[in-house]
Amino acid sequence: MRPGRPDGRRRGRDTVPRLALFVVRTLRGEWHAMVVDPVRQLLRRGLSGLVLAFVAAFGVIFFHAVAQHPAGEAVVRAVGGVQADLPLWLALARTPVSLYVPALDLPVWAGITQLFLAFALAELTLGRARTLFISYAATLAGTFTVRVMLAIGPGRWGLGLPPEIGHVLDTGPSAAVVGLFTYLSVVRRAPVVFFLTGGSMVVESIVRPNLAGREHLIAVAAAIVLALVHERAWRRLRLPRRAPAAASAAPPVPRAAVAYPEPMLQCADAAPALHGDRVPGGRAGGGAGKR
């Protein structure tokens, strides 16, 4: 047993450098995926690559300024306030505007910074259309799931909600921000960002079990599903494209040299040589005429 102890110690000593190397490589890859690549896109596209980020930030600032007055707050609630007890068509009509209506119990400037960063990274990495789709899908997922929880009712499997929750406003743009960060972390292979986003939402739902915490968890789950579906669809699209490229890279097989040898094409010229003794200079049958 004594000879085995140094090997165990060596393994323990080798584990720490390997773990440190793995962490360094992970952080470096995540830095390039989440920071370096978007910055390169920004340098190439300029400020036109931040249109959604500027629109979202200025929209939140505008609605926050309007909501500071009582009349303005009523207008903002009527235009972009989404509640679970509203008719479905009205909630769907207000949902696009709700992306720019900040929650009243959250610090608006910190929310604006997160909102701008999320939309900027997503627009530079995913494109404008997919960024809008992910943000809207994450928000709608929370809206519909809350309605299901209200329909279940309180005290059932820990998922139901009491009826008075239907009067509470939704999270506003925070669900879109959480969904975008989660989607980016899955697509770009960024585990640190993923655990910071999803882990913080789990801690929030435990510390403060309210409607916002549940909607954030729903947004995280919806973003994970969308990212996995996109990755699977992208792999299916890429696999058929590689097969013809590999086939075209192979050298062509010379069919004439294998299936049809050259002497078979000269049978008519070679036939007289079978009857003569010699074929001097390639003139078959010349000696037979002199005899």
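All values reported here derive from a predicted model rather than from experimental measurement.
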Going by ring pair (Phe, Tyr, Trp, His ring centres under 6.0 Å), name the residues that satisfy it together with F54, two or more places apart in sequence or in a different chain.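 F116.
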About how many Å separate [atom2] of [Y] and [atom1] of [X], when rounded to the nearest 0.5 Å?
X    : Y    : atom1 : atom2 : value
L99  : T139 : CG    : OG1   : 4.5 Å
L211 : E215 : CG    : CD    : 4.5 Å
T131 : Y183 : OG1   : OH    : 9.0 Å
H230 : F133 : NE2   : CZ    : 10.5 Å
T182 : H216 : OG1   : NE2   : 10.5 Å
F181 : Q114 : CZ    : CD    : 7.0 Å

Looking only at non-hydrogen atoms, find the nearest pair between [X] and [Y] and report the distance.
X    : Y    : result
A138 : A175 : CB-O, 3.9 Å
I112 : A57  : CG2-CB, 4.1 Å
L180 : S135 : CD2-N, 4.1 Å
G49  : E123 : O-CD, 3.1 Å
F119 : A53  : CB-CA, 3.7 Å
A137 : L226 : CB-CD1, 3.9 Å

Side chains of R94 and Q83 only: does a donor on one sit below 3.5 Å from an acceptor on the other?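 Their side chains do not contain a donor-acceptor pair, so the 3.5 Å distance test is not met.
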Can you confirm whether the side chains of H64 and Q68 place a donor and an acceptor under 3.5 Å from each other?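 Judged by distance alone, the side chains do pair up.
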Indicate yes or no for a side-chain donor-acceptor contact from [X] to the backbone of [Y] under 3.5 Å, with no hydrogens or angles considered.
X    : Y    : answer
S48  : R45  : yes
R189 : V187 : yes
T145 : G142 : no

ILVMFWY cluster, [X] and [Y] together (side-chain gap under 4.5 Å):
X    : Y    : result
L126 : L132 : yes
Y136 : L88  : yes
L150 : L86  : no
L90  : V146 : no
I134 : L115 : yes

Before giving the answer on side chain to side chain contact (heavy atoms under 4.5 Å, CB included), spell out for M34 and R188 the whole-Å C-alpha distance, their side-chain angles and the decisive distance to 0.1 Å. CA-CA 7 Å; M34 300 297 295; R188 303 294 290 177; 4.0 Å; yes
Quick one: do V82 and L169 satisfy side chain to side chain contact (heavy atoms under 4.5 Å, CB included)? Show the steps, please. CA-CA 6 Å; V82 177; L169 289 176; over 6 Å; no
Enumerate donor-acceptor pairs with a distance under 3.5 Å from any side-chain N or O in residues 191-202 to protein atoms, sequence neighbours excluded.
{"residue": "T197", "atom": "OG1", "partner": "V193", "partner atom": "O", "Å": "2.8"}
{"residue": "S200", "atom": "OG", "partner": "L196", "partner atom": "O", "Å": "2.7"}
{"residue": "S200", "atom": "OG", "partner": "T197", "partner atom": "O", "Å": "2.8"}

Would you mind telling me which of L50, D37, L52, V39 makes a side chain to side chain contact (heavy atoms under 4.5 Å, CB included) with L124?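 When side chain to side chain contact (heavy atoms under 4.5 Å, CB included) is applied between L124 and each of L50, D37, L52, V39, only L50 qualifies.
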Around L47, counting heavy atoms of other residues, nucleotides and ligands shown, do more than 12 lie under 6.0 Å from its CG?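 Atom CG in L47 is not crowded, with 12 or fewer foreign heavy atoms closer than 6.0 Å.
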Side chain to side chain contact (heavy atoms under 4.5 Å, CB included) assessment of F144 paired with L140: CA-CA 6 Å; F144 283 112; L140 281 181; 4.1 Å; yes
Just wondering, do W31 and L27 contact through their side chains at under 4.5 Å, heavy atoms?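 The answer is no, as the side chains (C-beta and beyond) never meet within the 4.5 Å cut-off.
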